[in-house]
Engineer: 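Structure in structure tokens, see below.
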2 protein chains.
Amino acid sequence: MLKDETIAVPQKCGDCPIRHKAVCARCEPQELEQLEQIKYYRKFEAGQTVIWAGDRMDFVGSVVTGIASLTQTMEDGRTQMVGLLLPSDFVGRPGRDGAVYNVVATTDLVMCCFRKKPFEDMMVITPHIAHRLLQMTLDELDAAREWMLVLGRKTAREKIASLLSIVARRDAALRQMGMAGPLVFDLPLTREAMADYLGLTLETVSRQISALKRDGVIELAGKRHVTVPDFLRLMEEAGDDSDGGMPA
Amino acid sequence: MLKDETIAVPQKCGDCPIRHKAVCARCEPQELEQLEQIKYYRKFEAGQTVIWAGDRMDFVGSVVTGIASLTQTMEDGRTQMVGLLLPSDFVGRPGRDGAVYNVVATTDLVMCCFRKKPFEDMMVITPHIAHRLLQMTLDELDAAREWMLVLGRKTAREKIASLLSIVARRDAALRQMGMAGPLVFDLPLTREAMADYLGLTLETVSRQISALKRDGVIELAGKRHVTVPDFLRLMEEAGDDSDGGMPA
DNA sequence: TCGCGCGTTTGATCTAAGTCAAAGATATGT
DNA sequence: ACATATCTTTGACTTAGATCAAACGCGCGA
């Protein structure tokens, strides 16, 4: 069913596009070597499910390229995205056997995985990996709580603006540029995925994007290519105070 | 401004009502002794703010008795509760200086605190505290994500039922009883606090509680004392599949 | 005991977002 | 180039929950 493909390991950890920032930013050379030995890549096509909620999950890993999402679904089909995994984001919980959420490749996706057992063993003898993982989890927790405000209290327009500003920020951060001047990026989500993340319907998402375009907050080339002429304006639309919304 | 009161330490850690399950469930005697030395209690009255978002936070701790809540507020006053802290829940983030959210005593509250610096030092030399903290943080993250589904996709009635079932479950867990038979507990939140947690208005909360009462899902004695004759029925109303919604 | 304040309930009305439906765009494969 | 499928936009209408407003109940101090 899953047409994923475990691909050969072509490079050392240090050559990895994101250099495993997520896990081994501060690892010693011999620790990196150990990580090498339990590392492998997996590739998924857009739309494929990486893991089903409830499945046994025998690896942890991080996104190298592409976008994955964590989703929950109720029996009647209502679904809520509970996490958006962009390059360098970490997936999996050391110490837990089963996946709690569906992990779905939203675009074509490459993940760098570590087999869980050896990874956990390594955590035990390498305290700063555990420490780093705690910090990452705290960041995720902050992001989740920030998103609770979006879901619980923001209007549809504010929700869209919030999502755009997260993606814009993450995109800018990846390219190590400041966020002054016009920001240009590709929106990696369908209207439906956006709706699932924002707790809206796709029609409402579409209408609000049209409205933001009409009001000059964003410009669109095609359906996905977005230009933000004034980032502060976008932040205002998101209802965030000027210091900037999302932590993670 | 804060009329909190650091109260004398009357007992050893082991005598503490909740025995610091949160932190030291698996500590060795000498480790417990160390925790003793950096421990102190703080008492707050209902309504008091424990910490303002942005304030420096020089302690971590856990709730001993009472309820605290984590809230976020937008400039225009809209507020969203992002966490409900019941006895034994942990507050504070090792490695972080500032509080990200307001922590408010929802009822009279006693907290057991540890000064942050020594606590962090202890984490470094006591790996299983760090490990335990990671597990707790992962639990909180699951709970936050579960709540995202509530906020994003559930109806008002389902939201109320979800909240009731969390409180009922936590209450039952505290008293170490199974969750068969009628469940009785006191709702520790005002309608307004419930509204802030659920992303609703207090009027809607009130109406839905009346409706659940009318439909026999719950019984009320006074405004706060709740009886749940059939917990599974409540779970259905919450829209959770039978296995049970909240992890944490 | 009364009056005040706070939390709560209930009612009438409004509106943002959902639902249902159809028609444009864009891409994909033959 | 054309047919098919997917994603997106837009329109008309409905509705769940918000808003505005009034009244209820209960504890508490004077």
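Order of the sequence lines fixes the chain letters, A, B, ..., with proteins taken first and strands second; residue numbering starts at 1 for each chain. Just so we're clear, the structure is a prediction, and the values are computed from it rather than from any experiment.
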Engineer: Taking atom types as they are modelled, would you say the side chain of A/Glu203 forms a donor-acceptor pair with the base of C/dC20 within the 3.5 Å cutoff?
Structural biologist: yes

Engineer: Nearest nucleotide by nearest heavy atom, which residue falls closer to the 5' end of DNA chain C, B/Ser206 or A/Val205?
Structural biologist: B/Ser206

Engineer: Check every strand shown and say whether A/Gly199 touches a base, only sugar-phosphate, or nothing at a heavy-atom separation below 4.0 Å.
Structural biologist: sugar-phosphate

Engineer: Rounded to whole angstrom units, what separation is found between the CZ atom of B/Arg153 and the P atom of D/dA16?
Structural biologist: 16 Å

Engineer: Judged by atom type as modelled, is there a donor-acceptor pair below 3.5 Å linking the side chain of A/Gln80 to the main-chain atoms of A/Tyr197?
Structural biologist: yes

Engineer: What integer distance in Å separates B/Arg191:CZ from C/dT9:P?
Structural biologist: 4 Å

Engineer: Are there more than 12 heavy atoms of other residues, nucleotides or ligands under 6.0 Å from atom CD of B/Glu192?
Structural biologist: no

Engineer: Using the side-chain hydrogen bond (donor to acceptor under 3.5 Å, both in side chains) rule, pick out the option among A/Arg157, A/Lys154, A/Glu237 that qualifies with A/Ser162.
Structural biologist: A/Lys154

Engineer: Rounded to the nearest angstrom, tell me the gap between atom CD in B/Glu192 and atom C1' in C/dT8.
Structural biologist: 12 Å

Engineer: Taking A/Asp89 as the fixed residue, which of A/Met111, A/Glu140, A/Arg170, A/Met136 is the one that meets the side-chain contact (heavy atoms from CB on, under 4.5 Å) rule?
Structural biologist: A/Arg170

Engineer: Classify B/Thr190 by what it touches in the nucleic acid, base, sugar-phosphate, or nothing, heavy-atom distance under 4.0 Å.
Structural biologist: sugar-phosphate

Engineer: Does A/Lys223 or B/Thr201 map to a spot on DNA chain D nearer the 5' end, using the closest nucleotide for each?
Structural biologist: A/Lys223

Engineer: Any salt bridge between B/Asp108 and B/Lys43, counting N to O under 4.0 Å?
Structural biologist: no

Engineer: Would you kindly give the CE-to-P distance between A/Met194 and D/dC7, to the nearest whole Å?
Structural biologist: 15 Å

Engineer: Strictly below 4.0 Å, heavy-atom distances to any atom of DNA chain C: list the hits from residues 207-215 of chain B, or just say none.
Structural biologist: B/Arg207, B/Ser210

Engineer: Whole-Å distance between C/dT15 C1' and A/Arg157 CZ?
Structural biologist: 16 Å

Engineer: Of A/Ala156 and B/Leu220, whose closest DNA chain C nucleotide lies nearer the 5' terminus?
Structural biologist: B/Leu220

Engineer: Indicate whether the side chain of A/Arg169 and that of A/Ser165 have a donor and an acceptor atom separated by less than 3.5 Å.
Structural biologist: yes

Engineer: Rounded off to whole Å, could you give me the CG-to-P distance for the A/Leu198 and C/dA16 pair?
Structural biologist: 18 Å

Engineer: Using atom CG of A/Leu187 as one end and atom C1' of C/dT26 as the other, report the distance to the nearest whole Å.
Structural biologist: 16 Å

Engineer: Hey, does B/Tyr101 have a side-chain heavy atom less than 4.5 Å from the side chain of B/Val91?
Structural biologist: no

Engineer: For A/Arg224, which contact category applies under a 4.0 Å heavy-atom criterion: base, sugar-phosphate, or nothing?
Structural biologist: sugar-phosphate

Engineer: Taking atom P of D/dA18 as reference, at what distance in whole Å does atom CG of B/Asp196 sit?
Structural biologist: 12 Å

